[in-house]
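See structure below.
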Amino acid sequence: MREMIKMIVVLTAISIISGGALAFLERTTREPIEYQKLKFVKGPAVLAVLTGYDNDPIKDYRKDVVLEERDGVVTRKSIFPGKKGGKCFAVAFEVTGQGYGGPIGVIIGIDLKTGHLTGKRVTTHSETPGLGARSVEPGFYEQFVGLAPAGVALMDKGGKINAISGATTTTKGVLEAVRKGMELFSRTRDKIIGACQSG
Amino acid sequence: MSLWKDFSKGLWKDIAPFRIVLGLCPTLAVTTAADNGLAMGLATTFVLTCSNILVSALRNIIPRRVRIASYVLIIATFTVMVELVMQAYFYPLYMILGIFIPLIVVNCIILGRAEAFASKRPVLNSIADGVGIGLGFSMSLTVLGAIREILGAGTLFGYAIFGPDFSPMTFMVKPPGAFVWLGLLLGVMNIIKRGRV
């Protein structure tokens, strides 16, 4: 009996101390980890779609800005501001679309003055290698640079985008995501600019 | 003197993973480049030394029947610490080592040293043992990583060492290259040992 109590006490004590230490460390490293994840996972895409900035868009980003509320659904976006000489000229944020193998995450950059795309990059996807996965290649994403909302559609629908051959669903998913993002921007432009300037 | 012995045996006489053939999973998986091997080795050294200290300090308190559970708890705590710190300050490294950092918990070298050494020796000797075995393991991983990196990518610690005409043997940085070189190094170590005896 004494042996058993000792076992329980020792194991419990070790668990409590270890849990406490880890909880403390988790709290102190939470912020740096979040920053590193942004910098190395979404960061390269953000920096690629915003050109000509002189701030650190990753450091200045505004987390979960409430952009609009429709039918009780609140839309939040994390905004990456692109600034030059302290003035906002473009923003980047993430949008998602439905691809062939699951959701596709796309970072888009939008020029604040014109509302045109400054670029887009696919960041997360689970598309078929060799087909839909080619949506990360320059041949596809370079087509989007400088497009107005009307241009974000396939050639045969009056747009300016060549589909990835063999990956119609992926292409449509990406287009859908970009279009949704640009519509959101035109509806909530003032809030996005406000978030950008406060960043 | 015995402290020095406990430390130095890990560097040659009992060097992991060539002499004590444990911890092969990280050895094979992360030694695609010298710096990956070194980083994995140092992370293991940290966990090994810290867990050795605690296991040794608590060796008269932990009841025998729950000792393995206690060791795993202690090792897991330090492993998660390494993982959090690496994520917070060395994220690119974390992306490469990825799943192999949490797997330090089940690294047989660490559990083996806790059970075979630290649970029976004073704290100072256990520190010497942990640092020695850990550095030996880091050395092995770095050497293995360096060989594979030089042959497979033509670089060492990321610096190009051959001219631009070098065409790398990509095979060496793929999994089979790990088995080939681990086997060759194990063979060389056995030849050296036999020559001595």
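All chains are named by letter (A, B, ...) in the order of the sequence lines, taking the proteins before the strands, and each is independently numbered beginning at 1. What you see below is based on every heavy atom in this structure, not just the backbone, and it leaves out hydrogens, waters and symmetry mates.
Side-chain atoms of A/T170 and A/S135 include no donor-acceptor pair closer than 3.5 Å.
Heavy atoms closer than 4.5 Å to chain B are found in both the backbone and the side chain of A/E26. Proximity to chain B (any heavy atom under 4.5 Å) is restricted, for A/V41, to the side chain, taken from C-beta onward. For A/K39, no part lies near chain B; criterion is any non-hydrogen pair under 4.5 Å. No part of B/M86 comes within reach of chain A, as not one of its non-hydrogen atoms sits under 4.5 angstrom from that chain.
Smallest separation of non-hydrogen atoms from B/F166 and B/L151: CZ-O, 3.8 Å.
Salt-bridge formation is detected for the pair A/R179/A/E176: a Lys NZ or Arg NE/NH1/NH2 atom is positioned less than 4.0 Å from an Asp or Glu carboxylate oxygen.
Residue A/L117 forms a side chain to side chain contact (heavy atoms under 4.5 Å, CB included) with just one option from A/V178, A/V49, A/V145, and that option is A/V178.
With values rounded to the nearest 0.5 angstrom, B/R67 atom CZ is found 4.0 Å from B/E115 atom CD.
Counting heavy-atom pairs under 4.5 Å between each of A/L22, A/V10, A/T29, A/V9 and chain B puts A/L22 at the top. Note on A/K37, A/R30, A/E3, A/E31: by heavy-atom pairs under 4.5 Å with chain B, the leading option is A/K37.
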